[in-house]
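Step one of this worksheet: look at the structure below.
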Amino acid sequence: MKYFIANWKMNPVTEKEAIAIAQDIDEENVMIAPPFVFLKTLARRVKKASLAAQDVFWENPKGAYTGEISAGMIKSLGVSSVIIGHSERRRYGGDTDERVNRKTRAALSQNLSVIVCVGEPEVVRKKGMKSAERYVKAQLGKDLVGISKKNLNRVTIAYEPVWAIGTGMSAKPEEASSMMLRIKRYMKERYGVGIIKTIYGGSVTEKTIKGFMKEKTIEGFLVGGASLNPRSFKNLIQAEKRP
Ligand code: 13P
């Protein structure tokens, strides 16, 4: 069964709305990644879904770091996972590959599971799939350096081509799938990890989901916009059961 991570980004505004959406999409194969401020409430309200934070700081578990949230704090809420290196954190939050690596280490040290996001920007993709592959491998080489094989078992790689995020232009399912295969192969060659989970994100909607469902290398989806509309999101989850 494929699984779905609802990345709400900086939405919704109120806790009341957050609870309403979460209760509507509370399913076993769903992980909800709300803004930090809603995590505690949702940890109590959500019954079947699991929860993820959208980011974490690299120092742990406490200290003089105004505005930051540690892996220890996330864990203390009973939250199991964290998304790290989303292209919006790289773009607006100043995340470099080195920071992504430090954050990933901090999260893994607290036994959290990590979803590390990678993906090429449009200028790179325009040069072709080979360039995109080189870009993604370079990210993975830096983002995961020095992490033990045992800890890499708790890492999922989300391939989110930057040009596909929030644009309505998703990657072609066969191209996304071929990138997943290359990521899996690279993880084996470079890090000796036999099995690594790979998921796709970027304009996954009711219209685009069908093609992706057929691809075995895509184990799940990281969904932005469509995860805020329970009706649309439920249609995504159920797409697997439809012929
Ligand atoms: P959209 O689904 O809105 O394209 O966002 C994808 C994303 O960034 C998920 O993390």
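Note that these values count all heavy atoms, side chains included, but never hydrogens, waters or copies made by symmetry. Read the numbers this way: they start at 1 and go in the same order the structure lists the ligands and their atoms. Predicted model, so just to flag it, every value in this text is computed and none were measured.
Residue Ala226 places every heavy atom at 4.0 Å or more from ligand 1. Residue contact annotation: Ser203 has a non-hydrogen atom under 4.0 Å from ligand 1.
Annotation: atom 2 (O) of ligand 1 to nearest protein heavy atom, Gly224 N, 2.9 Å. Residue, atom and distance of the protein heavy atom nearest to atom 3 (O) of ligand 1 are Gly225 N, 2.8 Å.
Atoms of ligand 1 found under 4.0 Å from any heavy atom of Lys9, numbered from 1 in the order shown, are 5 (O), 6 (C), 7 (C), 8 (O). For ligand 1, the atoms lying closer than 4.0 Å to a non-hydrogen atom of Glu160 are 6 (C), 7 (C), 8 (O), 9 (C), 10 (O).
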For the pair Leu51 and Ser80, evaluate side-chain contact (heavy atoms from CB on, under 4.5 Å) and give the outcome as yes or no after the intermediate values.
CA-CA 6 Å; Leu51 291 171; Ser80 61; 5.9 Å; no

Working for salt bridge (Lys or Arg N to Asp or Glu O under 4.0 Å), residues Lys103 and Asp95
CA-CA 10 Å; Lys103 289 179 174 193; Asp95 271 4; 2.9 Å; yes

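Under 4.0 Å from ligand 1, the heavy atoms of Asn7 that appear belong solely to its side chain.
When the heavy-atom distances from atom 4 (O) of ligand 1 to Gly166, Gly119, Gly168 are ranked, the shortest goes to Gly166.
Remark: ligand 1 and His86 share an N or O pair separated by less than 3.5 Å (distance only, no angle test).
With Tyr186 as the partner, the side-chain hydrogen bond (donor to acceptor under 3.5 Å, both in side chains) test is satisfied by one option alone out of Lys184, Arg182, Lys188, Arg190: Arg190. Evaluated for a side chain to side chain contact (heavy atoms under 4.5 Å, CB included) with Glu88, the options Met10, Lys9, Glu160, Gln54 yield exactly one hit, Lys9.
Taking the six-membered ring for Trp and the full ring otherwise, the centers of Phe57 and Tyr65 sit less than 6.0 Å from each other.
With salt bridges taken as basic N to acidic carboxylate O contacts below 4.0 Å, none links Lys47 and Glu27.
Across all their heavy atoms, Pro34 and Ala52 have their closest contact at CD-O, 3.4 Å.
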